Each structure stands twice: as structure tokens, then as C-alpha cells.
S.K.: 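Got a structure for you, questions after.
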Protein chains: 2
Amino acid sequence: MTKSSLSDVMNASGNVVEMLRNSKIGMYVYPVVAPEFTNWRDEQRAWRDSAVLFDQSHHMDEVIVEGPQAAEFLDHVGINSFANFDLNRAKHFVPVTPAGHVVGDMIIFREREDKFILVGRAPTANWVQFQQAIGKWNVRIHRDPRSPSRPDGKAVYRTHYRFQIQGPDAPKIFEKMNGGPVPDIKFFHVDWINVGSKRVQALRHGMAGAPGLEIWGPYADLEYVRSVILQSARDAGVDLHQVGSRAYSTNTLESGWIPSPLPGIYTGDGMMKEYRDWLGADSYEATGAIGGSFVSDNIEDYYVNPFELGYGFYIGWKSDFIGKQALETMKDGRNRKKVTFEWNAEDVVKVIASAFQPGEDHYKWIDFPQPNYASTSADMVMHDGKMVGMSMFNGYSYNERCMLSLGVVDADVQEGDVLTMIWGEPNGGTGKTSTERHKQAEIRVRVSPTPYAREARENYAESWRTKRVG
Amino acid sequence: MTKSSLSDVMNASGNVVEMLRNSKIGMYVYPVVAPEFTNWRDEQRAWRDSAVLFDQSHHMDEVIVEGPQAAEFLDHVGINSFANFDLNRAKHFVPVTPAGHVVGDMIIFREREDKFILVGRAPTANWVQFQQAIGKWNVRIHRDPRSPSRPDGKAVYRTHYRFQIQGPDAPKIFEKMNGGPVPDIKFFHVDWINVGSKRVQALRHGMAGAPGLEIWGPYADLEYVRSVILQSARDAGVDLHQVGSRAYSTNTLESGWIPSPLPGIYTGDGMMKEYRDWLGADSYEATGAIGGSFVSDNIEDYYVNPFELGYGFYIGWKSDFIGKQALETMKDGRNRKKVTFEWNAEDVVKVIASAFQPGEDHYKWIDFPQPNYASTSADMVMHDGKMVGMSMFNGYSYNERCMLSLGVVDADVQEGDVLTMIWGEPNGGTGKTSTERHKQAEIRVRVSPTPYAREARENYAESWRTKRVG
């Protein structure tokens with residue numbers, strides 16, 4: 001039978017956990033951008049010490065939602081309040097299923113009264129498209145999927161280029177780019193600045209633990225805009241580092257955003273079943289991978305809710321949105337909380353050392369700086385033989401000289417607690433192509449605040465990043 | 001002053017060692033090809049255990065030399081004997097300077113009586129072009145430089161695609177590709193095979209320590225040819241791994257070829273001075289980098305001669321070639337010899353562990369699987385406080401579970417000797433962008449045969465790879 005939908009693929013497999021854990025899709029990569037411009041250690045250091053340029057033109061899907069009912073439609077799809085959503089603002093848009101499980105997240109910009117741009121991973125883009133397809137909203141949608149993971153010498157085209165300039169010295173660059181002082185833009189607000197001869201939109205952001213701007217415009221302008229940024233940095237005497245694909249994804253470990261929760265869409269009847277029939281057999285949801293030591297018979301054990309990710313205060317309770325009822329129930333429940341796991345250095349070195357013993361079985365290789373080996377990571381975090389947390393996104397921070405991961409823990413786990421993470425998959429590993437055969441290791445992890453980086457904790461504007469757990 | 005030649009650049013710098021050690025060019029990468037297809041450990045394993053596909057379409061320069069005097073010209077430029085150079089053969093082409101220093105090397109194919117194709121790094125290609133420019137040879141040259149290191153979403157074009165299929169199970173794939181048994185091609189001989197509907201030339205090679213074929217043809221055929229290879233592997237039930245850019249360059253550590261000797265062209269008068277005037281300020285020679293602990297005032301200390309690399313038996317003494325006189329003198333001298341250095345696991349782990357100590361200085365990060373941080377590597381190898389060797393190309397072998405490097409040692413060093421390599425650069429490092437600041441470490445290295453891999457040692461056809469040192 002030809003499999004044309006996620007439902008088909010799931011039916012053929014019979015076990016969705018097993019299906020996702022044995023996906024053959026390979027690494028989830030940050031495509032097109034060079035692996036390193038200088039070296040990944042200095043590229044990480046630069047976002048703490050000087051300034052970095054992130055080329056975000058390729059790794060995210062873009063969805064443009066336009067029409068008389070655009071705001072009303074998106075207000076219905078996401079949990080966010082749209083009450084204060086002016087033209088000069090952006091939001092962190094989070095949709096949940098009717099059962100209250102997080103589907104994913106995107107950054108949403110309001111470009112006009114009736115036009116929004118959403119930027120992020122595929123699951124939220126798919127969900128937005130589906131909601132438009134099954135509803136009766138007067139909106140139209142344009143979808144620009146992310147660039148191919150392996151362009152292999154072929155030309156790549158996008159609708160927009162997208163750059164972030166971050167770090168303590170970034171403001172000196174902005175002033176040169178703009179040909180004078182830039183407007184004082186509040187966190188997650190948008191304004192216009194000059195980049196050489198171009199007038200571009202700029203979002204005040206702070207992804208890497210220090211203030212910065214995200215700018216975007218037509219893809220054809222990419223080279224010009226980059227050259228102006230690089231020249232402005234030279235003119236300002238700033239040691240700006242372009243960040244390559246190896247360092248890029250690790251910036252979130254210091255700032256605390258979990259990019260990769262499993263979309264909670266594999267269960268549920270009614271709308272959810274309809275969604276799985278609608279999603280293609282080649283979709284992110286059908287081809288994606290779960291990697292890690294956590295193996296459950298129940299796919300819902302991999303889901304998270306918005307409270308667990310620290311997104312509870314986004315919720316616009318006054319409007320009616322998908323999943324509202326479920327969230328009302330969850331709100332007062334005993335939700336897990338988001339934390340950073342600081343990996344024990346001695347245990348990490350023990351894992352690495354095992355790869356230098358010819359003829360012996362070894363632990364799962366920790367690839368630096370980014371050891372994730374699936375689109376969604378789920379490693380068990382244990383205490384007294386009981387699972388009390390899930391590690392969901394891993395990486396090495398040269399700034400902290402430490403392996404870190406982001407994840408969730410049970411409500412009664414405290415900052416400072418030392419737990420045990422199981423690193424690697426049982427029985428030598430799964431059918432995933434992104435990892436070699438290995439044995440499992442225990443790595444002690446210390447429960448730490450999110451965001452972990454001192455800079456991010458102390459200097460961030462009001463946002464979920466500053467809402468401490470516990 | 002505008003610097004248009006290597007001579008200009010060297011004059012402006014005043015110290016060529018310092019200039020090359022502080023190059024800002026960054027990593028010497030294997031471009032265009034994806035970093036990993038599965039994961040680099042399994043990609044390495046596959047060339048030992050099953051089969052691999054190397055996409056060599058992008059990382060090498062190509063020079064086509066055509067004309068009535070093509071053979072005579074190349075016989076004059078390289079040290080090789082052309083006596084037995086039939087149409088169905090390839091050779092490992094090595095030119096030296098008049099002083100006998102290695103310029104570089106390329107693989108040379110004789111496509112017609114009067115047409116040769118050379119494939120390899122830029123220094124040899126530059127030298128061949130220069131020799132044609134200053135001589136009166138009836139030949140013409142077409143040069144196709146390697147693909148850009150950072151294509152960044154732009155289309156890349158080459159004259160030829162070039163694939164290698166290697167590994168113990170490779171022959172099963174050849175038979176499927178060819179639609180029947182392939183001709184029995186001798187090592188470094190060429191014949192024609194079918195790849196689906198295409199008739200292509202195939203070189204019998206063995207780069208990764210196991211028999212294989214290299215095939216090439218018009219770049220427009222690349223996708224078709226690759227798809228036939230992948231389908232043939234599936235049809236043959238062979239676990240063929242495409243090898244990504246991270247694993248690729250490490251294959252030479254097991255087979256024993258040193259890809260990156262410093263071209264011995266920065267010194268010498270007469271023709272050599274003329275060459276430096278001719279070479280552009282943007283050439284490999286002017287922009288390249290030396291990385292490593294070995295710092296000498298004399299650039300010639302980084303040069304090697306053909307005897308040291310094990311290429312002495314290539315020499316066609318009967319013909320007259322550039323550098324012949326110098327080699328006649330060197331021949332009976334006390335030349336260094338090529339070896340593999342096996343790095344002490346405990347010391348390697350000590351170096352890695354230092355990157356997990358917040359607030360402390362750390363040793364030079366060993367990036368896996370390919371820690372070279374310059375186009376030419378030169379690390380000191382010591383015995384009793386005296387330099388007795390130079391480590392020239394580094395990498396981790398998952399097959400051997402070991403860090404290895406290739407290099408040269410003094411004639412009296414014996415296999416099995418344990419020496420001390422100095423890892424990292426003095427004084428915190430140079431101005432190179434490819435490495436972070438660091439302190440130096442001592443790593444014990446055991447002198448081992450070249451090639452190191454048991455497979456390569458035992459199964460290789462007659463070639464320098466099987467000529468053991470010592």
C-alpha cells in the first residue's frame with residue numbers, strides 16, 4: 001500500500017514510539033550555513049564576549065498568514081493573548097492540541113493589521129495550515145519550507161534572509177549599520193533601521209544570552225546586508241564572529257529555549273485523527289526521530305504542556321482558543337518544570353574515554369558541541385531508580401566549559417539536586433542512522449536554573465526566560 | 001602597496017613562517033558535501049566493514065594538459081618515470097623544486113596519448129601551470145579549481161564528478177552497476193565500466209584500506225551516477241555508507257598518504273623567485289596556513305623530500321626532470337622516514353578533560369574526527385628533549401579507536417619507540433582563526449608502521465603504501 005499520510009505510516013508501523021525511535025531520516029541539521037567560520041569554540045565565546053552574526057535564513061519554516069480574519073484565526077490557533085499585539089511587536093506563538101499538549105512554537109511578527117509572519121520548525125507551520133484548511137477563516141497562507149538539509153552544490157532560494165546580531169558589542173555595530181543611533185527598541189518589539197542603503201525591520205531579541213537584533217528582508221538582499229554588517233563591525237572595531245552550523249544550535253543551552261518538543265499530535269480522536277490523515281507521509285511528524293534512553297509504550301509520555309515549558313503566562317484566557325479547556329484543568333495540576341541539567345565533567349570524560357579502548361564496547365559518543373541525534377531528544381533522568389525528569393536538548397558550552405541539557409523535572413525536584421541521566425539507548429541502540437552502536441552510561445546531572453548562563457539570567461527583559469522555575 | 005603576488009605578500013610580511021602561522025584563511029575543508037550522511041563513526045566503520053561512497057567531486061583542483069608535447073612536458077615536471085605510462089594507467093604524480101623539495105602531488109590519468117588529467121591540491125596544479133607558462137612546450141592547459149569552501153546556498157559547477165566506492169563489499173556493487181562482472185583492473189590501472197546507461201572510466205584504487213574503484217565523468221551526470229550507485233548497493237544488499245565531509249579526510253590515516261606537505265617553494269632563487277612573482281596574492285601558497293607546535297625561523301625546516309614520503313621508487317632516473325640533480329644527492333643521504341604516530345589514549349583524554357574545567361586554561365581542543373587546524377600541520381615530536389620528528393596530519397579512527405597522525409621521523413627512530421608530541425601552539429596560539437586560545441600539552445606517541453590499518457598493510461597492491469619504512 002502506498003503510504004500518503006501520517007495515519008498510513010502509523011498504521012503500517014503499529015507502534016508510533018518504535019517508528020519514531022527507528023526513523024532513518026538522520027541528523028536534524030542547521031542547513032546551508034558553513035560548519036565553522038573560525039572555530040566553534042571561539043564562535044560560542046563571541047556571543048558572550050564580543051558579538052556574533054547568526055545566519056538564520058535557512059533552518060526555519062516560514063508561514064505568512066494574511067486576510068481580514070488573520071488575527072482572529074491565529075488568536076484561535078495559539079494559546080497567546082493577542083490583546084496587546086501591536087504592529088511593532090513580536091510574540092512567541094505556541095499552539096496546543098485540544099488535549100493541551102504543545103504542538104510546537106514559532107516566532108510571530110505582525111507586519112500589517114491583517115498580515116502575520118510565523119517563523120520556526122515545521123510542526124507549528126503544519127498545524128496552522130491544517131487549521132486554515134478545516135476552518136472557515138477568511139485568510140490565505142503562504143508557506144516557505146526550510147532549506148534542504150543537503151544542498152549538495154545546488155542553489156537554494158528562500159523568501160526572506162534573516163540575520164541576528166548578538167552579544168555585548170552588538171550595539172556598536174548597529175550604530176554603524178544604521179548610520180547613527182538606532183531607536184531604543186524594547187524586548188520583542190520591532191522597529192525599522194537602516195542597513196546601508198536598505199531600510200529593514202529589526203526585532204529586539206536576545207537569543208544567545210545578550211541583547212541583539214534580528215533583521216530580515218527579501219532573500220535577494222542577503223549578500224548585500226551581510227556585507228554591510230561585516231563592514232560595520234570592522235568600522236566599529238568589533239570582533240564579530242559569524243557563527244557556523246556546528247555552534248549555532250548550542251546557543252539555546254545558555255539561554256534556555258527548548259527547540260524540539262515532540263509535537264503532541266500522535267494521539268487523540270476527532271480533529272487529531274483528521275490532522276494525522278491530513279499530514280503527509282513525508283512530513284516532519286511522519287519522518288522525524290526520537291533519540292535517547294527514554295522508551296515508553298505510550299507516546300504521550302514524550303509530550304509536554306505549556307506550563308512545563310514555562311509558557312503558562314502567555315495564555316490569553318479571555319479569548320477562546322484550541323485546547324483552552326484542557327489548559328484550565330492542567331493549570332492547577334502538578335506540572336513538571338523546565339530546568340537546565342549540568343552534566344558531571346568526570347562522567348562525561350568517562351564516556352569519551354571509552355571510545356579509546358580498542359576491542360571494547362563503548363558508550364554513546366558525545367559529539368561536540370552538538371550531540372543531539374534526533375529531531376526530538378528524550379533521555380531519562382533518574383533519582384533512586386525512579387524517572388523524575390527528561391533531558392530534551394543537549395550541547396557543550398565552551399563559555400561554561402560544560403555539557404548542558406534542557407529538560408523537565410517533576411515538581412518536587414529542587415535546584416541543586418544531583419540526579420542521574422541515562423545516556424544512550426538500550427540494547428545497543430535503535431535503527432536510527434545518526435548514531436553508532438553503543439552501550440548506555442550513567443551521567444550525573446545537577447539541576448540548575450533556566451536560563452543557565454549568568455548573562456541571560458541577569459540581563460534578560462521580561463519574558464519566560466526570566467521566569468524561574470520552582 | 002597593492003599585493004598582487006606571493007612575493008609581494010612575503011615582502012610585506014618579512015617572515016614567511018610567521019605569515020603562514022598567522023594566516024586568517026580558516027580551516028582547510030572538504031567542501032560542498034554534507035558533514036554527515038549517517039554519523040561519522042559508522043561512516044568510518046563502513047570502509048572497513050562494508051562499503052563507502054566518497055564524493056570527491058569538490059575538494060580537488062583539476063588540470064587538463066593536452067598537446068603534442070604533453071607527455072614530454074609532464075615527464076620533465078614530475079619525478080615520475082613515464083616509461084610504462086600506458087593509456088590504461090594512472091600514477092601518483094610528484095613534482096619537486098630544483099632543490100629537491102616536494103611541491104605537492106596529484107593523481108595523473110592518461111586519457112589519450114596526448115591528454116592527461118591531474119587531480120589534487122592546488123600547489124601542484126599551480127606549479128604545472130607555471131612550468132607551462134615559462135617553458136616553450138606545445139601544450140595547452142585547462143584548470144578547474146576546487147569548489148568554494150562555503151557555497152552558502154549558491155550553485156556549484158565543476159568539469160567532472162568523481163566518486164570512489166571502497167570497502168570489502170564494494171565489488172558486489174560494481175557488478176550490479178555494470179550489469180555483470182567488471183573487468184579485473186589492476187591497482188592504479190584504468191578501464192571502462194557501465195554505470196546504468198553510462199559508460200564511464202574507472203580507476204582501480206584503494207584509498208581507504210580496501211579495494212575500490214574511482215569513477216568520473218561530466219559533472220552533469222553526477223546525480224544520475226550517484227543514484228545508480230545507491231540503487232546498485234540496495235540491489236546487492238550492501239550496507240553502503242555515503243561518507244560526509246567530517247569523516248572523509250580521516251580515511252588517509254589508515255591508508256597512510258600525507259595530503260598536506262608544505263610546498264617547498266618559499267625559498268630558492270632563479271626559477272623559484274620567478275615562481276613566487278608569478279603566484280597570486282590569493283594563491284594557496286600565499287593564503288595557506290601552518291598549524292602546530294613546530295616553530296622554526298627557517299621555512300625549509302617544514303619541507304619534505306620524496307624519499308621521506310616514501311616516493312623514492314617513483315623516480316624515473318633515466319629522464320631529465322626538474323630537481324633530478326638534487327635528488328641524486330639526497331638519495332644516499334640520511335633521510336627521515338614516514339611513520340604513523342599512535343597517540344596515547346590516556347594523554348588524549350587528559351587533553352579533552354581540560355575543556356571541562358571552568359575558569360582554568362585548557363589544552364588545544366582536539367576536534368573529532370579531524371583536528372587539523374591549518375592547510376599544513378607541523379607538530380614537534382620529541383625524544384629526550386630533542387626534536388626527532390614532525391607530525392603532519394591528524395585524525396581519530398573509530399576503526400582503531402585511536403587518534404593517529406602521519407609524519408616523518410629521523411632515520412634512527414624505530415617502530416615501537418614511544419616519543420612525545422607537543423600538541424598546540426606556544427604562547428597561547430597564533431593569529432589563526434581556526435583555533436581557540438590554549439596551552440600546550442605533551443602527548444605520548446608510539447611510532448607505528450605506515451599504513452597503520454592492518455587491512456591496508458596486508459591487502460594493498462604494489463605501491464608506496466606497502467613499502468615499509470625503516
Side-chain angles (χ1 to χ4, degrees), chain A residues 24 26-27 29 31-42 45 55 57-58 147 149-158 219 222-223 241 244-246 343 345-346 348-349 352-360 362 365 367-368 373 396 398-403 432-437, chain B residues 24 26-27 29 31-42 45 55 57-58 147 149-158 219 222-223 241 244-246 343 345-346 348-349 352-360 362 365 367-368 373 396 398-403 432-437:
Chain A
K24 300 282 184 199
M27 301 284 178
V29 301
V32 181
V33 176
E36 292 171 297
F37 288 87
T38 57
N39 65 85
W40 62 257
R41 280 85 61 209
D42 279 328
R45 190 182 47 73
D55 182 355
S57 308
H58 298 289
S147 300
S149 294
R150 295 170 191 156
D152 199 33
K154 288 178 206 69
V156 167
Y157 302 100
R158 297 283 331 244
Y219 189 68
L222 184 147
E223 290 301 345
H241 280 249
S245 56
R246 290 183 67 190
W343 298 19
E346 204 177 293
V348 168
V349 170
I352 298 167
S354 74
F356 293 87
Q357 303 299 327
E360 289 180 27
H362 62 85
W365 178 259
D367 207 30
F368 292 91
Y373 51 100
Y396 174 76
Y398 181 69
N399 291 318
E400 304 289 351
R401 298 282 199 285
C402 193
M403 278 293 307
K432 275 189 291 294
T433 60
S434 52
T435 180
E436 77 288 356
R437 306 297 292 170
Chain B
K24 300 283 184 200
M27 301 282 178
V29 301
V32 181
V33 176
E36 290 172 298
F37 288 86
T38 56
N39 65 84
W40 62 258
R41 280 84 62 208
D42 278 329
R45 190 182 48 73
D55 181 355
S57 307
H58 298 289
S147 299
S149 294
R150 296 171 192 154
D152 199 33
K154 288 179 205 69
V156 167
Y157 301 100
R158 298 288 324 250
Y219 188 68
L222 184 148
E223 290 302 344
H241 281 249
S245 56
R246 290 184 67 192
W343 299 19
E346 206 177 291
V348 167
V349 170
I352 298 168
S354 73
F356 292 88
Q357 303 299 326
E360 290 181 27
H362 62 86
W365 178 260
D367 207 31
F368 291 92
Y373 51 100
Y396 174 77
Y398 181 69
N399 292 317
E400 304 288 351
R401 298 282 201 283
C402 192
M403 278 293 305
K432 274 188 291 294
T433 60
S434 52
T435 180
E436 77 288 356
R437 306 296 293 170

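No hydrogens, no waters, no symmetry mates; every other heavy atom, side chains included, goes into these values. In what follows, every chain begins at residue 1, and chains take the letters A, B, ... in the order their sequences are listed. All figures in this text were calculated on a predicted structure; none of them were measured in a lab.
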S.K.: Relative to the ring of B/F356, is the ring of A/F368 parallel (under 30°), tilted (30 to 60°) or perpendicular (over 60°)?
M.R.: perpendicular
S.K.: Between B/H241, B/R437, B/R246, B/E360, which has the largest tally of heavy atom pairs under 4.5 Å with chain A?
M.R.: B/R246
S.K.: Which atoms of A/P358 are under 4.5 Å from chain B, going by heavy atoms: the side chain, the backbone, both sets, or neither?
M.R.: both
S.K.: What's the spacing between A/K432 NZ and B/T38 OG1 if we round to 0.5 Å?
M.R.: 13.5 Å
S.K.: Is A/Y396 reaching over with its side chain to a backbone N or O of B/A355, donor-acceptor style, under 3.5 angstrom?
M.R.: yes
S.K.: Could you tell me if A/W40 and B/D367 have a donor-acceptor pair between their side chains, going purely by distance under 3.5 Å?
M.R.: yes
S.K.: Counting heavy-atom pairs under 4.5 Å with chain B, which one of A/D55, A/V349, A/D42 comes out on top?
M.R.: A/D42
S.K.: Can you tell which part of A/Y373 gets under 4.5 Å to a heavy atom of chain B, answering side chain, backbone, both or neither?
M.R.: neither
S.K.: Contact part of B/Y157 toward chain A, heavy-atom cut-off under 4.5 Å: side chain, backbone, both or neither?
M.R.: neither
S.K.: Counting heavy atoms not belonging to A/E223, are there more than 12 under 6.0 Å from its CD?
M.R.: yes
S.K.: Where do B/N39 and A/T433 come nearest, in terms of heavy atoms and distance?
M.R.: ND2-O, 2.9 Å
S.K.: Report which part of B/V348 has an atom under 4.5 Å of a heavy atom belonging to chain A: side chain, backbone, both, or neither.
M.R.: side chain
S.K.: Quick one: side chain to side chain contact (heavy atoms under 4.5 Å, CB included) partners of A/R158, sequence neighbours excluded?
M.R.: A/H58, A/E62, A/D144, A/R146, A/S147, A/Y219
S.K.: For A/E436 and B/R45, run side-chain contact (heavy atoms from CB on, under 4.5 Å): C-alpha distance rounded to whole Å, both residues' side-chain angles, the deciding distance at 0.1 Å, then the answer.
M.R.: CA-CA 9 Å; A/E436 77 288 356; B/R45 190 182 48 73; over 6 Å; no
S.K.: Of all heavy-atom pairs between A/L222 and B/D152, which one has the smallest distance, and what is that distance?
M.R.: CD2-OD2, 4.5 Å
S.K.: Has A/Q357 got more than 12 heavy atoms of other residues, nucleotides or ligands less than 6.0 Å from its CD?
M.R.: yes
S.K.: Calculate, to the nearest 0.5 Å, the distance between atoms NE2 and CZ belonging to A/H362 and B/R41 respectively.
M.R.: 8.0 Å
